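Heavy-atom basis, side chains included; hydrogens, waters and symmetry copies ignored. In each ligand, atom 1 is the first atom listed, and ligand 1 is the first ligand listed. For this chain, numbers begin at 1 and follow the sequence in order. Bear in mind that the values here come from a model prediction, so they are computed numbers and not experimental data.
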Amino acid sequence: MIGTIFWQGRPVPFQPGESVASALNRAGIRAFGLFCGIGQCQGCLVAIEGRTFEACLMRCRDGVEIDTAGVTDA
Ligand code: FES
C-alpha cells in the first residue's frame, strides 16, 4: 500500500495508481454506486474537497477526504 484515503472518516488504504472506486470497493465500501467503471454512467459520483468527481476515474491521493456526492434517485 502507498497511502490512505478517508471515506466518511474511515481510513482506506490504496495501491499505487489505484482509482478511488477501486480502493473503496476493495475495502468493501459499495455505497457510492460503482457500475460501469469507465466514467459513463455517473453512478459513482463522490464529493472530494467540495467538488464532485467520478470515483472510477479519480486517482487516489494520500490523505484525501471523500464522501457521498449527495445525489439521490428521487
Ligand atoms: S462507475 Fe460509471 S461513471 Fe464511474
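Counting heavy-atom neighbours within 6.0 Å of Arg26 CZ, excluding the residue itself, gives a total above 12. For Arg30, the CZ atom sits in a packed shell: over 12 heavy atoms of surrounding residues, nucleotides or ligands are nearer than 6.0 Å.
For ligand 1 and Gly39, the ligand atoms under 4.0 Å from any heavy atom of the residue are 3 (S). Shown in contact with Leu34 at under 4.0 Å from a heavy atom are these atoms of ligand 1, numbered in order with element: 1 (S). Atoms of ligand 1 lying under 4.0 Å from at least one heavy atom of Phe35, given by number and element, are 1 (S). Proximity to Gly37 (heavy-atom distance under 4.0 Å) selects the following atoms of ligand 1: 1 (S), 2 (Fe). Near Gln42, meaning under 4.0 Å from one of its heavy atoms, ligand 1 places the atoms 2 (Fe), 3 (S). In summary, the atoms of ligand 1 found under 4.0 Å from a heavy atom of Cys44, numbered by their order in the structure, are 1 (S), 3 (S), 4 (Fe). For ligand 1 and Gln40, the ligand atoms under 4.0 Å from any heavy atom of the residue are 3 (S).
With Gln8 as the partner, the side chain to side chain contact (heavy atoms under 4.5 Å, CB included) test is satisfied by one option alone out of Ile29, Thr68, Ile66: Thr68.
When distances to atom 2 (Fe) of ligand 1 are checked against a cut-off of 2.8 Å, Cys36 contributes an N, O or S atom below that limit. Residue contacts to atom 4 (Fe) of ligand 1: Cys41 brings no N, O or S atom closer than 2.8 Å. For Cys56, every N, O or S atom stays at 2.8 Å or more from atom 2 (Fe) of ligand 1.
The structure places CD1 of Ile5 at 10.0 Å from CZ of Arg10, a figure rounded to the nearest 0.5 Å. To the nearest 0.5 Å, atom CZ of residue Phe32 and atom CG of residue Asp67 are 13.0 Å apart. Taking OG of Ser19 as the start and CE of Met58 as the end, the distance is 10.5 Å to the nearest 0.5 Å.
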